[in-house]
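Please read these numbers as outputs of a predicted model, since none were measured by experiment.
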Amino acid sequence: MSHSVVDLRSDTVSQPTAQMRARMATAVVGDDVYGEDPTVNELETRTASIFGKEAGVFVPSGTMGNLLAIMVHCHRRGTEALVGDLSHIFLYEQGGASHLAGVQLATLKNAQDGTFSLEELRRRIRHEDQHEPITSMVVVENTHNICGGKVVPLAFLDELAALVRKPGVGTGSARIALHMDGARVFNAAAALGVSVERICRDFDSVSICFSKGLSAPVGSVLVGSKEFIAEARRLRKALGGGMRQVGILAVAGLVALDEVVPLLGKDHERTKKIAKAIFEIQSPNITVELDTVQSNILLVEITQPKLEASEFASRLGTVEPEELAAGVTDKNGSGIVVKASARDWAFARLVLYNQIDDEKVELAIRKLKYVIGQYDKRWPRA
């Protein structure tokens, strides 16, 4: 039997919109390595302008964007970048900073809201002792994925910038750069009701992903100063990121800016709706922290020691005869499959995006309620 599938593993599974597909078929292209693709040039220029930066460069992935930022900011051998211990750049980018850039990543403990201690940061900055690496870069992830799509507070960003720019903190060639892994920074802007330019005002560079919640099939844009981008473009070629008639892909980013970015608030509302439905069950085994849901990422916490997140995710992805008999179906009587992410976490992760509409939200809630109810029968409240 064919079941209704609600894929909430990640917003990377989002699909290009109809307008994106139409524009991709007719995009004006040229050789981007020669700087002759007008569509790529438009996306780079427009994105840089939106973020209040001088220039941008289109890259295949956010991982490459972050790596290029490290390579440019930490160009001197024996340098390090300070990053959160739960950051994507540290956990899920294969150690590219050390493997490919020769840069040491040093971690700061992430708080639940995606920030880290500025006092710890101050103590960890190194630039004088000949025994130590030189701190050349600090990275902030916003929104913060593993912290549950948390929006990093503006006050924290302002305090961070003030600390790093304080006279005597990093001197001469050891000036400390600020980089934002802004894979989902448009979500942060939607949640705060401010512009991405305001959020990234004090950052030297920002990497923005178009292939997650913005629905484009491929690509990120790295923005910064003209000098920074010129060097990033040169290093992009060395990493194999020099692309040719890539306006076919870049045009999807232009559509995303016009068509998808204005709708991100709806993703947040729908995420909150699923969170509220789970919270109201008051399960002793599976729950959410409703007040901390800020964007399109929802962490479903597994509080039952005998239940692993991977088992919970697997159960959401299967359809049993009993649930069909109980009416846990779509409008056609077919079963409901909900795909969730779960690794060695104490939670399952659900991520919403453009194609998860109100109907799919209702299907997901129906399935979640039933499965959580099954576990609550196995392990009732003491």
One pair to check against salt bridge (charged side-chain N to carboxylate O under 4.0 Å, His left out): Glu120 and Arg123. What are the steps and the verdict?
CA-CA 5 Å; Glu120 181 186 3; Arg123 294 195 308 268; 5.5 Å; no

I'd like to know whether Val28 forms a side chain to side chain contact (heavy atoms under 4.5 Å, CB included) with Val251, so could you lay out the CA-CA distance, the side-chain angles of the two residues, the decisive distance to 0.1 Å, and finally the verdict.
CA-CA 9 Å; Val28 179; Val251 74; over 6 Å; no

Set out, in order, the CA-CA distance, both residues' side-chain angles and the distance that settles side chain to side chain contact (heavy atoms under 4.5 Å, CB included) for Thr143 and Val185, then state yes or no.
CA-CA 6 Å; Thr143 63; Val185 69; over 6 Å; no

Could you walk me through whether Ile50 and Ile208 pass side chain to side chain contact (heavy atoms under 4.5 Å, CB included), step by step?
CA-CA 11 Å; Ile50 289 171; Ile208 308 105; over 6 Å; no

Output, in order, the C-alpha distance, side-chain angles, deciding distance and verdict of side chain to side chain donor-acceptor pair (under 3.5 Å) for Glu259 and Thr17.
CA-CA 9 Å; Glu259 183 180 77; Thr17 67; 2.6 Å; yes

Derivation and outcome, ring-ring contact (aromatic ring centres under 6.0 Å, His included), residues Tyr375 and Tyr370:
CA-CA 9 Å; Tyr375 287 119; Tyr370 182 83; over 10 Å; no

Might you work through the salt bridge (charged side-chain N to carboxylate O under 4.0 Å, His left out) test for Asp291 and Lys272, ending with a clear yes or no?
CA-CA 9 Å; Asp291 293 339; Lys272 192 86 170 185; 5.3 Å; no

Residues Trp379, Lys306; criterion side chain to side chain contact (heavy atoms under 4.5 Å, CB included); working and verdict:
CA-CA 9 Å; Trp379 298 299; Lys306 297 178 182 179; 3.7 Å; yes

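When atom types are taken as modelled, the side chain of Ser211 and the backbone of Val218 share no donor-acceptor pair closer than 3.5 angstrom. For Gln355 (side chain) and Gln15 (main-chain N/O), a donor-acceptor pair under 3.5 Å exists by modelled atom type. A donor-acceptor pair under 3.5 Å is formed between the side chain of Asp37 and the backbone N or O of Gly247. Between the side chain of Ser14 and the main chain of Lys212, a donor-acceptor pair closer than 3.5 Å is present. At least one donor-acceptor pair closer than 3.5 Å links the side chain of Lys150 to the backbone N or O of Cys147. Judged by distance alone, with hydrogens and angles left aside, the side-chain atoms of Ser4 form no donor-acceptor pair with the main-chain N or O of Ile336 at under 3.5 Å. Using modelled atom types, one side-chain atom of Thr271 and one backbone atom of Asp267 make a donor-acceptor pair closer than 3.5 Å. Judged purely by atom type and a 3.5 angstrom limit, Asp204 has no side-chain atom pairing as donor or acceptor with the backbone of Gly224. A distance-only check finds a donor-acceptor pair linking the side chain of Thr303 to the backbone of Asn285 [under 3.5 Å]. Judged purely by atom type and a 3.5 angstrom limit, Arg165 has no side-chain atom pairing as donor or acceptor with the backbone of Leu160.
No more than 12 heavy atoms of other residues, nucleotides or ligands sit less than 6.0 Å from atom CD of Gln94.
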Could you pull out every donor-acceptor pair under 3.5 Å between side chains of residues 346-354 and any protein atom, sequence neighbours left out?
residue: Arg349; atom: NH1; partner: Asn145; partner atom: OD1; Å: 2.7
residue: Arg349; atom: NH2; partner: Arg9; partner atom: O; Å: 2.9
residue: Tyr353; atom: OH; partner: Asp7; partner atom: O; Å: 2.7

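For Thr115, the side-chain contact (heavy atoms from CB on, under 4.5 Å) partners at least two apart in sequence or on another chain are Ala111, Asp113, Val152, Pro153, Phe156.
Within the 4.5 Å cutoff, the side chain of His88 has no heavy atoms near those of the His144 side chain.
Side-chain contact of Glu141 with Ser87: a donor-acceptor pair under 3.5 Å is absent, judged by distance alone.
Both Val13 and Val361 belong to a single network of hydrophobic side chains, linked directly or stepwise wherever heavy atoms of I, L, V, M, F, W or Y lie under 4.5 Å apart.
In this structure, Asp32 does not pair ionically with Arg244, as no charged nitrogen and carboxylate oxygen lie closer than 4.0 Å. A salt bridge links Arg198 with Asp158: the closest approach of a Lys/Arg side-chain nitrogen to an acidic carboxylate oxygen falls below 4.0 angstrom. Using a 4.0 Å cut-off between a side-chain N of Lys or Arg and a carboxylate O of Asp or Glu, Asp376 and Arg381 do not qualify as a salt bridge. Ion pairing of Asp358 with Lys273 is absent here, as no side-chain N (NZ or NE/NH1/NH2) approaches a carboxylate O to less than 4.0 Å. With salt bridges taken as basic N to acidic carboxylate O contacts below 4.0 Å, none links Arg201 and Glu197. Salt-bridge check for Glu269 with Lys266: passed, with a basic side-chain N closer than 4.0 Å to an acidic carboxylate O.
Screening Val255, Val261, Thr47 for a side chain to side chain contact (heavy atoms under 4.5 Å, CB included) with Phe210, the sole residue that qualifies is Thr47. Checking each of Arg366, Arg315, Lys369 against Glu323 for a salt bridge (Lys or Arg N to Asp or Glu O under 4.0 Å) leaves exactly one that passes, namely Arg315.
Nearest heavy-atom pair, Ser220 versus Ser61, reported as atom, atom and distance to 0.1 Å: OG-C, 3.5 Å.
Cation-pi geometry between Arg343 and Tyr92 is satisfied (NZ or CZ under 6.0 Å from the ring centre, within 45° of the ring normal).
Note that the CG atom of Leu108 and the CG atom of Leu86 stand 11.5 Å from one another [nearest 0.5 Å]. Note that the CZ atom of Arg124 and the CD atom of Glu132 stand 10.5 Å from one another [nearest 0.5 Å].
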